[in-house]
Enquirer: 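Take a look at this one; I'll ask things after.
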Amino acid sequence: MAEENEIQHLRYDPAEIEPKWQRIWRDEKTWHVSNKPDERAKSYVLEMLPYPSGEPHMGHLKVYSVGDALAHYRRRRGMRVLHPMGYDSFGLPAENFAIKTGRHPRESTEAAIAEFRRQFETWGISIDWDREFGTHQPTYYRWTQWIFLKLFEAGLAYQKEAAVNWCPNDQTVLANEQVVDGACERCGAAVEIKQLKQWFFKITEYAERLLDDFAKLESWPDNVITMQRNWIGRSEGAEVVFRCEEMGIDYPVFTTRPDTLFGATFFVMAPEHPDVLRLVEGTEQEAAVRDYVNAAARKSKEERGSDDKEKSGVPLGRSVVNPVNGEPIPMYVSDYVLMEYGTGAIMAVPAHDQRDYEFANKYGVEIRQVIAPAGDDGTPVDIAGDLARAAYVSSTESDVLVNSGDFSGKSSVDAKREITGWLAADGRGNATVNYKLRDWLVSRQRYWGCPIPVVHCPSCGTVAVPEARLPVELPDVDDYVPKGKSPLAAATDWVNVTCPECKGPAERETDTMDTFVDSSWYFMRYTDARNDREAWHRAVLNEWMPVDNYIGGVEHAILHLMYARFFTKALHDLGLVGAVEPFKNLFTQGMITRDGAKMSKSKGNVISPSSYVERYGADTARCYILFIGPPDQDADWADEGVEGVHRFLARLWRLGVEVSRRAENASGVLAPGDSADALGESALAVSRKAHWAIDKVTGDMVGRFAFNTAIAAVMELVNEIYKHKDALYQGAAEDHAALRFATATAASLLFPFAPHLGAEVYEMLGGERVWEVNWPTADQSFLAADTITLIVQVNGKVRDKIEASADAGQDDLIALARASERVSAHVEGKETVKEIVVPGKLVNLVVR
RNA sequence: GCGGAUGUGGCGGAAUUGGUAGACGCGCUGGCCUUAGGAGCCAGUGGGCGAAAGCUCGUGGGGGUUCAAGUCCCUCCAUCCGCACCA
């Protein structure tokens, strides 16, 4: 007993255990994986690339706790696991910090990387550090530039002047995806629209395949797919040509409702439409239109974008001809028409489009009904009363056309097809598909990014920098303050070059790339990260790709995940990549909140992983973050919960120490005897529980990431061992063996979540390294119990629970149920209507 | 407005196929051990009535299907998240 007391007072000290294992893993490069294939199946487990700034936050702790558990589990299931790490180290925050402090972004970024790496090592995550890189390193961005040139050669990277989003605060353009509610995603400033010449990637060319290939994904959260689908915004319809006879110009418009063409009573152009001013030049409308266009240009996206805003517009004094009936209809300019969607001009059908309806009402344009709902007999229903209040927009199967010439009486569905076909035959239109998706604007007027590897030559135009001269290195500058053009423009020594083609004087492109470009291919570079002759060796890349499990936050549902899909497809088409989709399975982890709210500096509720890792150890922090709830859901961090998990780990550690010292009649961790029969009651109980836990944890790991219930199962196992350990210490060799087996199993099962403690306790008991031991398998003979607890219900209410033999037949179970006093009290004197038996589980007697 | 998700004890959450609601943990209560303990170990813990046995109510509200519903169907409510003049 003296020994028992002594053990009780031993202290679980992660500060000693954790560095010990981390040293072994680092020195032995335990998690390094070779690119040489072997008989093992590959598995590529990847968490989203971290942006290194300050120190890692709780979101990082969560994502790596999830990913690392999976990586460990896969390795011990005999797989060859690629689990790398890197840093998304170009970007605005580092540059803004540089502006404030004068410190070079490279310095602050590399300091942050060092801190991230240091902390990741203290977390004990199983990373192949030989593949580590930062996207800001010339050895990396050389290949970002190379990919840019490949896209440029293929015509997928191009320059155009366009109305683009401009953030006045960050002094740079933004991609559509980076504008949220009309504001800059990063700094929140109201975004302006500017006409600028910019670089784009032709993601629109891949719109259809980005949609189709959702079918090729194994498991992605539905909400992410839905968000991408909405963002791509595919709609089927027709392009219909309206001719302006006075000017002799054809104006095509896109419509999803060609069946409403007979109801088009006016025509509207976006203020940015290049022909608007030309149409009114020299007319009495010119001044009014010019004012309207200028006012629209000054408005922020937000001001223009709200749908509750009252419609406004100005007549152009011109008309176009409705191709279905030859009727001239008036033209207007209005900011409710968007230049970036469709053709920047619309046909307006006020009776059947709410926006057109509001405009027509305000400016007194005719509202002509051409669609009506059909009654039960198929004839049009009178909805004149409804139309006095709002447009009739519904497009049900049963709608029919009215006031539509030869098409009157036809169904809406048929009319769409027939009218489109009729117009197409005359060259006045055709069926088309339109997308909301815009091309990806990738140039940024900022310093801390990957230089765009092209040269502008007065005689040769835009010329690619030859591959052999990559990387185009980012030069040092003194002043990072953006002035509407890239700070790189001031580095004149760097800007002025000779044209690679004519050798004449030329200038480098001074814009840098959006950092989302850097992160659109990093998962490919990991496969061959030290290759300095090419971005990757094709065979190596194809061996690892696609990523089997990609884990990260849902905030990247559209941006990063869609860009990465696009890159993979484009590079596939160029014959550079075998995979068509980069991420076979996607897991989006929920946020860690504090007091129910998102952590933020302004709320002052930010807690950092490092304080918990220092106080309780990494194993506690990692287990807690997994135990708190299902990893795909948001979870609120509670310090009491951390204490609880820490207590559990300490309990297991003490158990390990005690069992290794006191269960000395057996050694090793082998399971006792083949059969459960040979064991005493306690030995059988802990063995059973151990096999049950193996089965439970394995089930929770496969297919779903139910780490919370997996950890709970190990807790149950430990509780069971505690209950029986004193009896077992008194016992014989097989009792000690059972105790060792059960305790080692707990350590083994916990290893993916608490790798240091798992390794420590396993070593105490078996002397082996747990990660070199296969994942345990449950012995079925220990899972099947001889007895079951029979639930006896009367009229669906539980009245008794009876121990019954597992192989009892239906009649036996009913007899057993009826024999119960508690049951008979409810059955006595009543007629039995039905007897339901669920074998091995339950009997329900239905009485009246 | 459109689309999606969620709703279970005092709290975080379990319940994999319709079959014991509340596993596991926190908190709380009691006991043991201890010079002491904010350490450790053991036990109890959804609400109501009851000394107990037991009865009864109970998974956001209402309705339904079923021998049986947290789970399936209808409907309403609340919260959160996307999208939002996309023709």
Side-chain angles (χ1 to χ4, degrees), chain A residues 4-5 7-11 180-181 221-227 229-231 233-235 237 253-257 260 268 304-309 311 334-338 340-343 345-349 352-356 358-359 434-437 554-555 557-558 591 624 627-630 632-645 647-648 650-651 654 696 699-700 703-704 706 708-716 718-719 722-723 726 789-801 822 825 833-838 840-847:
Chain A
E4 190 182 347
N5 285 341
I7 289 164
Q8 268 177 24
H9 289 88
L10 287 178
R11 204 168 67 84
V180 178
D181 292 334
D222 289 341
N223 60 332
V224 173
I225 292 180
T226 305
M227 281 161 77
R229 206 178 284 269
N230 291 343
W231 188 264
R234 180 185 198 275
S235 43
V253 299
F254 175 74
T255 178
T256 54
R257 297 295 305 273
T260 64
V268 192
R304 277 188 52 175
S306 59
D307 58 358
D308 42 325
K309 192 195 74 169
K311 297 282 173 288
S334 173
D335 65 4
Y336 83 89
V337 176
L338 309 173
E340 57 276 18
Y341 187 75
T343 61
I346 61 157
M347 67 171 202
V349 184
H352 306 293
D353 181 288
Q354 187 57 30
R355 297 154 300 179
D356 299 345
E358 286 163 20
F359 189 92
N434 214 341
Y435 301 92
K436 243 172 80 176
L437 183 69
V554 74
E555 64 274 17
I558 301 176
M591 226 176 16
Y624 172 64
F627 182 67
I628 194 170
D632 55 337
Q633 281 172 33
D634 290 353
D636 202 54
W637 184 279
D639 289 348
E640 304 78 44
V642 182
E643 296 271 2
V645 168
R647 273 204 286 273
F648 159 65
R651 198 164 139 91
R654 278 194 313 273
K696 171 73 180 152
D700 287 345
R704 53 189 218 154
N708 53 331
T709 51
I711 292 170
V714 181
M715 288 174 170
E716 285 193 56
V718 170
N719 288 347
Y722 263 80
K723 208 187 292 176
D726 288 337
T789 305
L790 181 72
I791 305 304
V792 184
Q793 298 180 333
V794 177
N795 289 344
K797 283 192 174 130
V798 179
R799 294 302 177 186
D800 203 359
K801 300 171 186 181
R822 289 178 212 172
V833 182
K834 213 170 189 180
E835 291 167 331
I836 310 275
V837 181
V838 181
K841 246 180 195 163
L842 162 149
V843 168
N844 187 11
L845 303 173
V846 186
V847 299

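Excluded from the calculations below are hydrogen atoms, water molecules and symmetry mates; all remaining heavy atoms, backbone and side chain alike, are included. Convention: sequence-line order gives letters A, B, ...; per-chain numbering from 1.
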Enquirer: Checking understanding here: a glycosidic angle within 90° of 0 is syn, the rest anti, so what is G7(B)?
Expert: anti

Enquirer: Val718(A) and Phe648(A): which non-hydrogen atoms are nearest, and at how many Å?
Expert: CG2-CE1, 3.8 Å

Enquirer: Name the closest nucleotide to the Tyr341(A) side chain, picking from A87(B), C41(B), U16(B).
Expert: A87(B)

Enquirer: Just checking Gly644(A): base, sugar-phosphate only, or nothing, at a heavy-atom cut-off of under 4.0 Å?
Expert: sugar-phosphate

Enquirer: Distances under 3.5 Å between protein N/O atoms and the N/O atoms of nucleotides 67-70 of chain B, please, pair by pair.
Expert:
residue: C67(B); atom: OP1; partner: Lys834(A); partner atom: NZ; Å: 3.2
residue: C67(B); atom: O2'; partner: Asn844(A); partner atom: ND2; Å: 3.3
residue: C67(B); atom: O2; partner: Asn844(A); partner atom: ND2; Å: 2.6

Enquirer: State, to 0.1 Å, how close Asp636(A) and Ile628(A) come at their nearest heavy-atom pair, and which atoms those are.
Expert: O-CD1, 3.1 Å

Enquirer: Counting side-chain heavy atoms from CB outward, which of G3(B), G27(B), G19(B) is closest to Lys841(A)?
Expert: G19(B)

Enquirer: Specify the separation, in whole Å, of atom CD of Glu643(A) and atom P of G27(B).
Expert: 8 Å

Enquirer: What nucleotide among A87(B), U20(B), U16(B) has an atom nearest to a side-chain atom of Ile791(A)?
Expert: U20(B)

Enquirer: Between C42(B), C26(B), A87(B), spot the one nearest the side chain of Phe254(A), thanks.
Expert: A87(B)

Enquirer: Determine whether a donor-acceptor pair (one donor, one acceptor, N or O, separation below 3.5 Å) exists between the side chain of Lys723(A) and the base of C42(B).
Expert: no

Enquirer: Return the 5'-most residue of the pair Ala713(A), Thr256(A) with respect to RNA chain B, ranking by each residue's nearest nucleotide.
Expert: Ala713(A)

Enquirer: Do the side-chain N or O atoms of Arg647(A) get closer than 4.0 angstrom to the phosphate oxygens (OP1, OP2) of C24(B)?
Expert: no

Enquirer: Which is true for Tyr722(A) with a 4.0 Å heavy-atom rule: it touches a base, it touches only sugar-phosphate, or it touches nothing?
Expert: sugar-phosphate

Enquirer: Among all residues two or more places apart in sequence or in another chain, which pass the salt bridge (Lys or Arg N to Asp or Glu O under 4.0 Å) test with Lys723(A)?
Expert: Glu720(A)

Enquirer: What interatomic distance, in whole Å, is found between P of G60(B) and the corresponding atom of G10(B)?
Expert: 13 Å

Enquirer: With the side chain of Lys797(A) defined as its heavy atoms from C-beta on, choose the nearest nucleotide among C41(B), C57(B), U16(B).
Expert: C57(B)

Enquirer: Distance check: side-chain N/O of Arg822(A) vs OP1/OP2 of C55(B), anything under 4.0 Å?
Expert: no

Enquirer: Say we look at U59(B) and G22(B): how far apart would their P atoms be, to the nearest angstrom?
Expert: 14 Å

Enquirer: What integer distance in Å separates Glu716(A):CD from A14(B):P?
Expert: 14 Å

Enquirer: If you measure from the C1' atom in U8(B) to the same atom in G47(B), how many Å do you get, rounded?
Expert: 14 Å

Enquirer: Taking atom P in both G7(B) and U17(B), compute the distance separating them and give it to the nearest angstrom.
Expert: 15 Å

Enquirer: Let's see if you can work this out: which of A23(B), C41(B), G25(B) has an atom nearest to the side-chain heavy atoms of Ala712(A)?
Expert: A23(B)

Enquirer: Which whole number of Å gives the distance between the C1' atom of C41(B) and that of C55(B)?
Expert: 36 Å

Enquirer: Taking only N/O atoms, report every protein-nucleotides 6-12 of chain B pair under 3.5 Å with atom names and distance.
Expert:
residue: G12(B); atom: O2'; partner: Ile628(A); partner atom: O; Å: 2.8

Enquirer: Hey, does the side chain of Arg799(A) come within less than 4.0 Å of U56(B)'s phosphate (OP1/OP2), counting only N and O?
Expert: yes

Enquirer: Is the shortest side-chain N/O distance from Arg11(A) to OP1 or OP2 of G40(B) below 4.0 Å?
Expert: no

Enquirer: For Phe254(A) and Gly342(A), which heavy atoms make the closest approach, and how far apart are they?
Expert: CB-CA, 4.4 Å

Enquirer: Is the cationic atom of Lys311(A) (NZ for Lys, CZ for Arg) positioned less than 6.0 Å from the six-membered ring centroid of Phe359(A) and within 45 degrees of its normal?
Expert: no

Enquirer: Strictly below 4.0 Å: does Arg229(A) bring a side-chain N or O up to OP1 or OP2 of G3(B)?
Expert: no

Enquirer: Heavy atoms, side chains only, cut-off 4.5 Å: are Ile836(A) and Gln793(A) in contact?
Expert: no

Enquirer: To the nearest Å, give me how far apart NZ (Lys436(A)) and C1' (G3(B)) are.
Expert: 11 Å

Enquirer: Counting only side-chain N and O atoms of Ser235(A), is one of them less than 4.0 Å from OP1 or OP2 of A87(B)?
Expert: yes

Enquirer: Measure from the side chain of Lys801(A), starting at C-beta and using heavy atoms only, and say which of U20(B), G40(B), G25(B) lies closest.
Expert: U20(B)

Enquirer: Between Asn719(A) and G25(B), does any side-chain N or O lie under 4.0 Å from OP1 or OP2?
Expert: yes

Enquirer: Between Met227(A) and Phe648(A), which has a closest nucleotide on RNA chain B that is more 5'?
Expert: Phe648(A)

Enquirer: Which one, C24(B), C41(B), A87(B), comes nearest to the side chain of Val337(A)?
Expert: A87(B)

